[in-house]
Amino acid sequence: MSNKSLYGEQIIYLSKHPKNFRPIENAHCMCEGANPLCGDRVTVYVNVGDDGTLEDVAFQGSGCAICMASASMMTTAVKGKKRAEAERLFDEFHRLVKGELDPARDEHRLGKLTMFENVSHYPVRVKCASLPWHALHNALENKGAASTE
Amino acid sequence: MTAQAALATPSSTLDAVALRADFPTLRRMINGHPLVYLDSAATSQKPQVVIDRMSQFYAEEYSTVRRSIHLLSAKATQAYEGARRTVAQLLNAPETRQIVFTKGATEGINLVAHGYGRKFVGEGDEIIISATEHHANIVPWQMLCEEKGAHLRVIPVNDRGELILEAYEKLLTDRTKLVAVGHVSNALGTIHPVEEIIQMAHAQGAPVLVDGAQAAPHMPVDVQALNCDFYVFSGHKACGPTGIGVLYGKAEWLERMNPFLGGGDMIETVTFEKTTYAPIPHKFEAGTPAIAEVIGLGTAIEYLRNIGLEAIAAYEHELLDQATARLASIPGVTIIGTARRKAAIISFTIDGIHPHDIGTLLDQEGVAIRAGHHCAQPVMARYGLPATARASFAFYNLPSEIEALGAAIEKTIAVFAL
Ligand SMILES: Cc1ncc(COP(=O)(O)O)c(C=O)c1O
């Protein structure tokens, strides 16, 4: 497989064994995100502490490997972070998958999220990777529903 | 002879290897592999003769049709109306004036929903469609029903993807004002028994529209033998250009229907008090039409007729049988749509792998398929699936490409087997 491959082993592993794949009963915020074109669906649940820390983040749903792995990685990346930090990660992640941020050259705090770098070579798949993040963002804004359309 | 060698032997019905040379796109490399184009149900590739005919028209013959008296316009009108005759021959329409040029199958259906539906469908009336329709043959009828207070009824489908005619019979009543069904399902490949569906509707006095988008390019269609009231298809799925399609209608319906768009070319006389409409088909062709596309479509249909629609159907059926056997031999692959009469369209799923991932991984091997709901969400819902992968074939596909598809699927499964 070429080094521009979309499917690193970690992505495939996480898509089959996602972390934080569960509902949160009585979550402070939640949002269902949907990609109408391909039928991907993820519901993101968040509990936010008094100081604005994302104390627990989890998700449920079904979708392609990119979407599932991205949701899994997102929950681990933002858990324990402040809301503003999570939003900043979303911005960096979004620029990463759109090819506007080069993790080798530009400053960032993406950590392992850079495993999604090659999504930028597959424009039709950008929505798959960013759907969980849109859902998280809308959950924090208390919007209830997110769509990549 | 081994099975592989048998697969590699070109069919006797047509010479696909030779015909491929007519299609420049098929010579492309994709991601380092020769393109294996298995998405003809979405849109077909274009033979050089169609590309050349359209550029020749633009470069040497270009003019408008019907409006001007100079030589070029007269020639353009001749070419344009010649294409209409070619389409009439393809469908065996009794008269050339029964062929209306549209933007595509979608516009043809909307034209009938507007011109027939607005005039002849009222409150409490019913329109029957089937559970396997493309959104193009659902939404216009829903819009009409909403506007008129009419109701949509749906012929159910069995697990194989065949329409249940006993249920259809019960849906037909004196409230039925139209039956609109696909000839071939784009999501499942089922060839529907339109002859029977039409006879049963006519016994109740209801006219029938057949959506032939997936049929007209792949098998002989005889609108007189079918006795359908309307038949639509799209040029771009029939080796022709985009933006052009065909509506065939019985003359007695077309004459009684409301026009679709108002404007130039569709009128006889206009005063501010009253306009009288041009005779059919011009009543339905308002404005400057897609002249180059009509001429290109005419060339595409001549090209298909030269190969022969019988030969195309027979060859594509061989491809279907081979591909079905190849896919069925791969553990974890499930074919969705196993009707006894099928066109060369195979929807499938792979255990544990989302169709979008299948689409991307096959593309890395140069194999172009479609992944998604195929603009037929109710069909997907019927089988409890958000999406499927779909390989669809044309006469320019080769048995070796079926092997490439099979190998790419096996590689996809291996990538995901962690
Ligand atoms: C069965 C069927 N009907 C209608 C259409 C719509 O055709 P078009 O988009 O060319 O108008 C399609 C195309 O996908 C189709 O497969």
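So that the names make sense, note that chain A is the first sequence line, chain B the second, and so on, each numbered from 1.
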So with a 6.0 Å cut-off around [atom1] of [X], is the heavy-atom count from everything else above 12?
X: A:Asn26; atom1: CG; value: no
X: A:Lys19; atom1: NZ; value: no
X: A:Arg22; atom1: CZ; value: yes
X: B:Arg160; atom1: CZ; value: yes

Proximal component of A:Arg125, with respect to chain B [non-hydrogen, under 4.5 Å]
side chain
Start with the C-alpha gap between B:His354 and A:Ile66, add the side-chain angles, then the distance that decides, and say whether side-chain contact (heavy atoms from CB on, under 4.5 Å) holds.
CA-CA 10 Å; B:His354 191 279; A:Ile66 303 305; over 6 Å; no
How many angstroms lie between atom CG of B:Asp357 and atom CG of A:Leu6, to the nearest 0.5 angstrom?
7.5 Å
Rounded to the nearest 0.5 Å, what separates atom CD1 in B:Ile358 from atom SG in A:Cys64?
11.5 Å
Search all heavy atoms of A:Ser5 against all heavy atoms of B:Gln364 and return the closest pair with its distance.
CA-NE2, 4.3 Å
In short, A:Tyr7 meets B:Thr360 closest at the heavy-atom pair OH-CB, 3.7 Å
Any side-chain to backbone donor/acceptor pair from A:Lys16 onto B:Gly352? Under 3.5 Å, distance only.
no
